[in-house]
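Scroll down for the structure; my scribbles are underneath it.
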Amino acid sequence: MKINILLIVLSITLFSCNNNKSPQDEGAFPFHVPEKKPNREMSSAMERIYDNYASPRPENNELFSQFKYTKVKGFDYNNNDGTISRRDPSKTIFANGKYYMYYTHRHTPTPPMGAKVCNDTIPSSDWDLAEIWYATSKDGITWEEQGVAVPRPPKPNIGWRSVSTPDILFWKGKYYLYYQGFMQASGTRGDDCPVTASWSESPDGPWTPVNKVIIPNGNEGEWDQYSIHDPYPLVYKGKIYLYYKSDFDEKPHKVRMQGLATANDPLGPFEKNPLNPVITSGHETSLFPFKSGIAALVYKDGPEHNTIQYAEDGINFEIAAISELMPYAAAPFVPDAFVDTKDGRGITWGMAHFININGWDTFHSMLVRFDCDLSQDINDPEMKQHRVIHKPDVYYRQGLSNKQKSRIKRENRKLIDISNFN
Ligand code: AAL
């Protein structure tokens, strides 16, 4: 008994001595980076790489990846004259032995001309006067365009001006397309629209529009009062988790954040999460089940752009990795998007878009394939390289504006004048 008491006292003493060690006593951080968080006092940056990320080394972080791009075949763009645009693809699904993808398709006599000039045939924006088309593929690279899935309905039905930015859900044997339903030309007040839907027994249609608002705009003064964009459904915790984006605040620039609405039925009622917005950055919504939570690709806008984020509960997202050259309007192939998985396997590829291919006066967008390793089932070291090597001309294209050059010239002149004066 006495021995046990003595041993306990001794180990407490040793522990407390060890604990009282100052950083200097502990010696320098070791040469080989411990994979597990070491028991030593560390700076906040060192604490962070152990507390916030799956590994202190990006190559060992399953939610870090580079992104590689492949030109896809099968789509004509009228010599890039701006009259045909394809953009904002849906998640890719696999059915009937092939891949399916749905997207915004615009084919107008002119490129977009702005809200002041637009009319019934001249589009205001790249996604104005659009329809939802679809294409199929055996390899995700060569696509066969199948034509229209959801046309613009006649006035005054929801989406009569334009239907765009679709995403797809498979639920209890039926397919649902959610999409933005414009009732005015985009840009009239803003990019204002609600989300509506169509459903089908087959991924090839025919699609039946529900002709009602599925995700309504928020009330006046609320963050999502004007726009419900980029509907993105997943099946999670036995419900439909539909993520979406809204543009708000608007001055001096729009703020774009992501919200979440959940429902037990694909046609609602959807309940917006009281913690909305749930992601503070990004643009189009791009998410996938990962392990027991939900991961998100967050790019383009906001203080946390160029990150891959993760929410254990699908609601409270944390930064899981930082990346670059991320796909815009990323719509991954998510094999377990609709199976209410408890162990999301992750993603390895999907579709995205490039916008404004060759200038504002012929504005149009193009679909592209991206590949990555955000999967528990592959290990592709090339996707885990820390940096993307850009050629100098990529930097030179990101050049100074004339306004910036004048400011620099003025500052330089000021310095010269001061030095001449002294
Ligand atoms: C896209 C999406 C929505 C917007 C517009 C078309 O990137 O965010 O669909 O309305 O831009």
Side-chain angles (χ1 to χ4, degrees), residues 74-75 84-108 123 127-137 143-183 186 193-216 228-235 240-244 261 263-270 284-285 329 331-334 337-338 350-351 353 367:
F75 301 114
I84 294 185
S85 187
R86 295 179 184 83
R87 57 177 291 154
D88 293 307
S90 72
K91 290 189 292 293
T92 296
I93 60 169
F94 190 78
N96 309 328
K98 54 194 169 187
Y99 296 111
Y100 285 76
M101 160 186 57
Y102 305 80
Y103 47 90
T104 304
H105 180 281
R106 174 180 61 78
H107 189 176
T108 47
W127 54 95
D128 186 28
L129 296 176
E131 298 178 313
I132 290 162
W133 281 38
Y134 79 112
T136 57
S137 173
W143 290 87
E144 195 181 332
E145 189 156 65
Q146 300 299 329
V148 65
V150 179
R152 288 162 49 206
K155 248 185 185 177
N157 292 308
I158 298 166
W160 65 267
R161 174 72 195 185
S162 191
V163 286
S164 81
T165 325
D167 201 19
I168 187 137
L169 167 73
F170 181 68
W171 175 271
K172 295 183 179 168
K174 284 198 175 77
Y175 295 87
Y176 297 84
L177 274 175
Y178 296 89
Y179 46 91
Q180 298 173 199
F182 287 89
M183 315 294 274
S186 169
C193 63
V195 159
T196 184
S198 290
W199 64 272
S200 174
E201 307 276 355
S202 156
D204 293 291
W207 296 90
T208 305
V210 297
N211 278 330
K212 69 173 186 173
V213 170
I214 298 291
I215 312 287
I228 307 287
H229 290 165
D230 307 294
Y232 192 101
L234 294 171
V235 177
I240 296 142
Y241 271 54
L242 190 144
Y243 295 89
Y244 65 94
N264 295 311
D265 182 286
L267 301 183
F270 277 88
E284 298 83 7
T285 46
F333 171 52
V334 189
F338 312 129
M351 298 301 289
H353 72 207
L367 298 171

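None of these values were measured; they are calculated from a predicted model.
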Quick one: are H229 and C193 in side-chain contact, heavy atoms under 4.5 Å?
yes
Return the minimal non-hydrogen interatomic distance between P203 and A95, and the atom names on each side.
CG-CB, 4.1 Å
Minimal heavy-atom distance between F270 and P266, with the atoms involved, is CE1-O, 3.3 Å
Those residues at least two apart in sequence (or on a different chain) that pass side-chain hydrogen bond (donor to acceptor under 3.5 Å, both in side chains) with S198 are Y179
Spacing of I158 atom CD1 and M183 atom CE [to the nearest 0.5 Å]:
5.5 Å
Checking Y134 now: which residues fulfil side-chain hydrogen bond (donor to acceptor under 3.5 Å, both in side chains) with it, not counting sequence neighbours?
D204
Search all heavy atoms of V195 against all heavy atoms of I228 and return the closest pair with its distance.
CG2-O, 3.4 Å
Within a strict 4.5 Å, meaning less than it, do heavy atoms of the Y100 and K98 side chains meet?
yes
Where the side chain of T92 meets the backbone of P332, is there a donor-acceptor pair that is under 3.5 Å apart?
no
Indicate yes or no: at least one non-hydrogen side-chain atom of L267 is less than 4.5 angstrom from one of I214.
yes
Contacts of E144 meeting salt bridge (charged side-chain N to carboxylate O under 4.0 Å, His left out) (sequence neighbours excluded), chain-then-number -> none
Do Y176 and V210 make a side-chain contact, defined as non-hydrogen atoms from C-beta onward lying under 4.5 Å apart?
no
Considering only heavy atoms from C-beta outward, does the side chain of I93 approach that of F338 to under 4.5 Å?
yes
Under a 3.5 Å distance rule, please check whether T104 uses its side chain to pair with a backbone N or O of S164 as donor and acceptor.
no
OH (Y102) and CE (M351) are apart, to the nearest 0.5 Å, by 14.0 Å
Listed once per pair and sorted, the side-chain hydrogen bond (donor to acceptor under 3.5 Å, both in side chains) pairs that draw on residues 148-162, sequence neighbours left out:
D128-R161
Are any non-hydrogen side-chain atoms of R86 and W133 less than 4.5 angstrom apart?
no
A329 versus E284, closest heavy-atom pair with distance
N-OE1, 3.0 Å
Does F75 reach the side chain of I84, with side-chain heavy atoms less than 4.5 Å apart?
no
Is a side-chain N or O of Y175 found less than 3.5 angstrom from the main chain of W207, in a donor-acceptor match?
no
Taking the six-membered ring for Trp, are H105 and Y103 parallel (under 30°), tilted (30 to 60°) or perpendicular (over 60°)?
tilted
Residues L129 and T108: closest non-hydrogen pair is CB-CG2, 4.1 Å
Given side-chain contact (heavy atoms from CB on, under 4.5 Å), test Y243 with L234 step by step and report yes or no.
CA-CA 8 Å; Y243 295 89; L234 294 171; 4.3 Å; yes
Is P233 close to Y178 at the side-chain level, that is, under 4.5 Å between some pair of heavy atoms?
yes
Set of ring pair (Phe, Tyr, Trp, His ring centres under 6.0 Å) partners for Y244, sequence neighbours left out:
W223
Within the side chain of S200, is there an N or O that forms a donor-acceptor pair under 3.5 Å with the backbone of P206?
yes
Donor-acceptor pairs under 3.5 Å, side chain of residues 165-172 to any protein atom, not counting sequence neighbours: which ones?
from, atom 1, to, atom 2, distance (Å)
T165, OG1, Q180, OE1, 3.4
D167, OD1, K91, N, 2.7
D167, OD2, K91, NZ, 2.6

Can you give me the closest heavy-atom contact between P89 and M101, atom names plus distance?
CB-SD, 3.9 Å
